[in-house]
**Q** 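Quick one: the structure is below, questions incoming.
Reminder, nothing fancy here: chain letters follow the sequence lines and each chain counts from 1. Note that this is a predicted model, so its numbers are computed, not measured.
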Protein chains: 2
Amino acid sequence: MWHKREMVVHESDPYNAEPPRNRLLAPLTDADSFYVRNHGPVPELSPDTWSVAVTGLVSEPVTLSLGQLQARFAQHTVLATMQCAGNRRSGFLPVRDIPGEDPWGPGATSTARWTGVRLGDVLRAAGVHDAARHVEFAAPEVSQLADPPQPYGGSVPLGKALADEVLLAWGMNGAPLPPVHGGPVRVVVPGYVGARSVKWVRRITVRADPSENYFQATAYRVLAPEEDPDAAGPGDGISLGPVALNCDILSPEPDERVGTGPVLVRGYAHAGDDRRVARVDVSGDGGRTWCRADLDAAPSPWAWQHWRATVELAGPGPHTLLARAWDSTGACQPESAAALWNPKGYVNNSWARVPVNPAAAAD
Amino acid sequence: MWHKREMVVHESDPYNAEPPRNRLLAPLTDADSFYVRNHGPVPELSPDTWSVAVTGLVSEPVTLSLGQLQARFAQHTVLATMQCAGNRRSGFLPVRDIPGEDPWGPGATSTARWTGVRLGDVLRAAGVHDAARHVEFAAPEVSQLADPPQPYGGSVPLGKALADEVLLAWGMNGAPLPPVHGGPVRVVVPGYVGARSVKWVRRITVRADPSENYFQATAYRVLAPEEDPDAAGPGDGISLGPVALNCDILSPEPDERVGTGPVLVRGYAHAGDDRRVARVDVSGDGGRTWCRADLDAAPSPWAWQHWRATVELAGPGPHTLLARAWDSTGACQPESAAALWNPKGYVNNSWARVPVNPAAAAD
């Protein structure tokens with residue numbers, strides 16, 4: 001009998017949920033635990049009738065069924081981490097109000113093996129024109145979050161679209177891609193914010209410019225603190241693509257009683273796109289001293305890395321455990337979420353902070 | 001009559017110098033103002049007798065004179081910023097001692113038009129083997145800074161070496177490349193720390209592994225604060241390649257008296273390699289409020305961007321002007337150099353801080 005495991009459900013319709021921290025300790029996330037960020041209802045699409053149209057700045061526009069995709073192009077599997085631009089949004093809560101009553105924690109990221117064909121192979125077969133610069137993906141489901149309501153969509157630069165790691169995927173961890181994760185077929189853009197890995201993709205349009213879809217042109221953008229998100233229009237703010245360096249602590253849990261002395265701290269780190277995680281530091285004394293974490297090798301160039309460190313907690317506390325990652329440019333995560341606050345609550349990549357050994361309630 | 005302009009000279013033998021801030025306000029840096037970071041004496045090489053050997057994991061090793069380079073391969077010009085890994089090292093001074101008595105300020109970066117041939121064209125002509133992963137560059141000049149003393153060298157990953165922007169350059173701003181900047185011919189690796197743009201290159205070796213040269217394996221690495229740089233050996237620390245997001249204020253000058261009211265603040269920002277600068281914020285009140293700078297378009301994908309903002313200074317001060325850049329991932333520079341301090345003083349990419357209106361000395 002199948003048991004749906006516990007998830008942190010942010011919204012039931014459309015379903016939006018993240019796994020609790022301890023479920024992210026595994027190198028791969030099973031489909032039932034994998035975070036879900038949907039902007040509208042899950043469309044009911046049969047693998048037998050689904051097809052995708054490849055159009056725009058190509059020599060031979062084509063519509064391909066799943067069977068044709070599988071017959072005409074080589075199959076590839078890529079192990080890749082997906083991360084929502086709103087991952088760790090709850091870290092902004094101590095700073096200022098942010099949209100949504102129950103913001104995403106550190107579980108708006110997960111990792112799976114994706115199987116499909118290279119988007120680049122499909123595009124090259126269609127013949128990309130010289131004027132092409134971007135590739136747009138369109139889904140069928142209408143989102144009421146968009147203004148005006150419209151199907152979900154987005155785009156990536158042509159160079160990324162042609163890269164070996166970008167797939168049209170029908171498989172997840174060796175099984176058919178579940179509808180809630182974009183089945184029958186979704187785009188998988190490793191290293192980019194999850195918003196560009198469009199689910200249930202039905203149309204791929206090669207363009208000279210980025211997509212004008214609401215979720216590319218207006219949403220998923222970092223506004224300046226003084227900008228009004230309700231007044232923001234197309235082109236305002238920083239458009240998100242490659243994922244920023246980030247990490248979080250997965251164990252202990254926030255407010256867990258771990259006592260004093262040595263405590264094993266575990267977590268994940270992810271550098272995004274072409275960067276790599278080079279080092280992770282952990283502190284048990286509020287940043288006065290740091291120790292270097294034992295960092296796992298990445299299971300693929302496109303995946304997170306897990307790490308662990310044992311820190312000494314002096315006295316009963318309360319204490320705040322800290323973690324920070326460094327990437328292959330020698331850059332470190334910024335210290336404070338306060339400096340990063342933005343109206344839509346994206347890209348909180350400040351140091352991880354997990355309070356432990358809370359003060360006992362007064363008798 | 002030619003006048004050598006004022007430079008901040010860190011060392012005269014070998015010559016190491018950076019331009020003062022106001023000379024970085026131009027989009028292009030002239031050769032006399034362009035920073036110089038040399039590890040040994042400038043070798044005397046004639047363009048008529050210079051040659052470079054291409055060897056290692058290639059099908060057809062070859063030695064090419066300058067004339068052969070120019071005759072056999074297409075000429076390309078790339079406008080690119082060069083940045084030393086030690087740029088802004090002086091920002092660590094308030095934190096803790098760092099090596100060298102007169103650390104680099106914000107002028108260990110400069111921008112020029114480089115003319116030469118694509119390294120990738122040369123490598124492809126030589127036939128790169130499937131096992132190749134890195135490309136090593138070796139210079140003739142022996143550095144006493146290396147342990148043991150050895151010619152300067154370094155390497156970049158093969159993918160970068162084959163990229164269109166990487167040149168074997170003999171021209172700088174339309175003139176022959178001066179010897180102090182690597183003439184007759186140097187490597188130019190846009191987006192990477194200057195250390196990889198090896199000057200006076202005489203040998204290019206295609207390899208399976210990164211270079212074992214001291215300046216790749218041991219130097220130019222970010223160590224953890226507790227590591228002893230004198231004891232560090234090959235492979236310790238974070239090896240530097242792509243440049244980290246950075247910015248600095250070029251005007252006003254530190255400790256300049258600018259009065260109260262509106263002050264025009266100008267500077268540069270640079271995101272490195274494949275990232276772009278997306279926004280720059282400036283504050284005149286210690287970070288309580290920020291305004292968005294007017295950001296110039298990048299003169300090329302590989303170059304810095306200049307910016308300007310007018311901030312209000314309330315009262316006589318002293319004040320500290322702040323600036324911080326955001327990149328195309330929505331990430332911001334870290335706030336404090338204290339968190340970034342490392343024994344060799346690399347990659348200070350903390351917020352720019354320039355004090356103005358110093359307190360008058362007591363009568």
Side-chain angles (χ1 to χ4, degrees), chain A residues 85 157 159-160 163 191-193 220-227 237-246 271-281 283 287 289-293 322 324 326-342 344 346-351, chain B residues 85 157 159-160 163 191-193 220-227 237-246 271-281 283 287 289-293 322 324 326-342 344 346-351:
Chain A
K160 182 69 180 181
Y192 270 47
V193 292
Y220 288 108
R221 284 169 176 264
V222 173
L223 299 174
E226 72 278 10
E227 288 182 284
I238 304 170
S239 177
L240 295 174
V243 165
L245 175 68
N246 218 332
D273 209 26
D274 58 317
R275 304 280 163 92
R276 301 291 168 256
V277 177
R279 195 177 97 203
V280 173
D281 303 332
S283 176
T289 62
W290 296 85
C291 68
R292 265 176 297 164
L322 304 180
R324 63 184 186 196
W326 301 69
D327 73 13
S328 43
T329 70
C332 184
Q333 294 177 241
E335 179 171 345
S336 158
L340 308 179
W341 186 91
N342 61 90
K344 292 185 175 183
Y346 291 128
V347 196
N348 173 23
N349 74 333
S350 61
W351 296 357
Chain B
K160 182 69 181 180
Y192 270 47
V193 291
Y220 288 108
R221 285 170 175 263
V222 173
L223 299 174
E226 73 277 9
E227 288 182 282
I238 303 171
S239 177
L240 295 174
V243 165
L245 175 67
N246 219 332
D273 209 28
D274 59 316
R275 303 278 163 94
R276 300 291 168 258
V277 177
R279 196 177 97 203
V280 173
D281 303 333
S283 176
T289 62
W290 296 84
C291 68
R292 265 176 296 165
L322 304 180
R324 64 184 185 195
W326 301 69
D327 74 12
S328 44
T329 70
C332 185
Q333 293 178 242
E335 180 171 343
S336 160
L340 308 179
W341 186 92
N342 60 90
K344 293 184 175 183
Y346 291 128
V347 196
N348 173 25
N349 75 332
S350 61
W351 297 357

**Q** Going by heavy atoms in the side chains, are A:Ile238 and B:Asp327 under 4.5 Å from each other?
**A**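 Not touching, per the 4.5 Å side-chain cut-off.
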**Q** Write down the atom of A:Thr329, the atom of B:Ala244, and the distance for their closest heavy-atom approach.
**A**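 Here A:Thr329 and B:Ala244 meet closest at OG1-CB, 3.5 Å.
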**Q** Looking at chain A, which one of B:Arg279, B:Arg221, B:Arg275 has the largest number of heavy-atom pairs inside 4.5 Å, strictly under?
**A**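 It is B:Arg275.
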**Q** Is there side-chain contact between B:Leu340 and A:Glu335, with at least one heavy-atom pair below 4.5 Å?
**A** no
**Q** Could you have a look at A:Val347, A:Asn349, A:Asn246 and say which one has the most heavy-atom pairs with chain B under 4.5 angstrom?
**A**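 Top option by heavy-atom pairs under 4.5 Å: A:Val347.
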**Q** Can you tell which part of B:Arg324 gets under 4.5 Å to a heavy atom of chain A, answering side chain, backbone, both or neither?
**A**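 Just the side chain, heavy atoms under 4.5 Å.
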**Q** Who wins among A:Asp273, A:Asp274, A:Val243 for the most heavy-atom pairs under 4.5 Å with chain B?
**A** A:Asp274
**Q** Heavy-atom pairs under 4.5 Å with chain B: which of A:Ala339, A:Ala331, A:Gly287, A:Gly241 has the most?
**A** A:Ala339
**Q** Taking the side chain as everything from C-beta on, heavy atoms only, tell me whether A:Thr289 gets closer than 4.5 Å to B:Glu226.
**A**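 Sidechains of B:Glu226 and A:Thr289: no contact.
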**Q** Using a cut-off of under 4.5 Å on heavy-atom pairs, state which of B:Ala278, B:Gly272, B:Pro242, B:Pro225 scores highest against chain A.
**A**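 Result: the option with the highest number of such pairs is B:Pro242.
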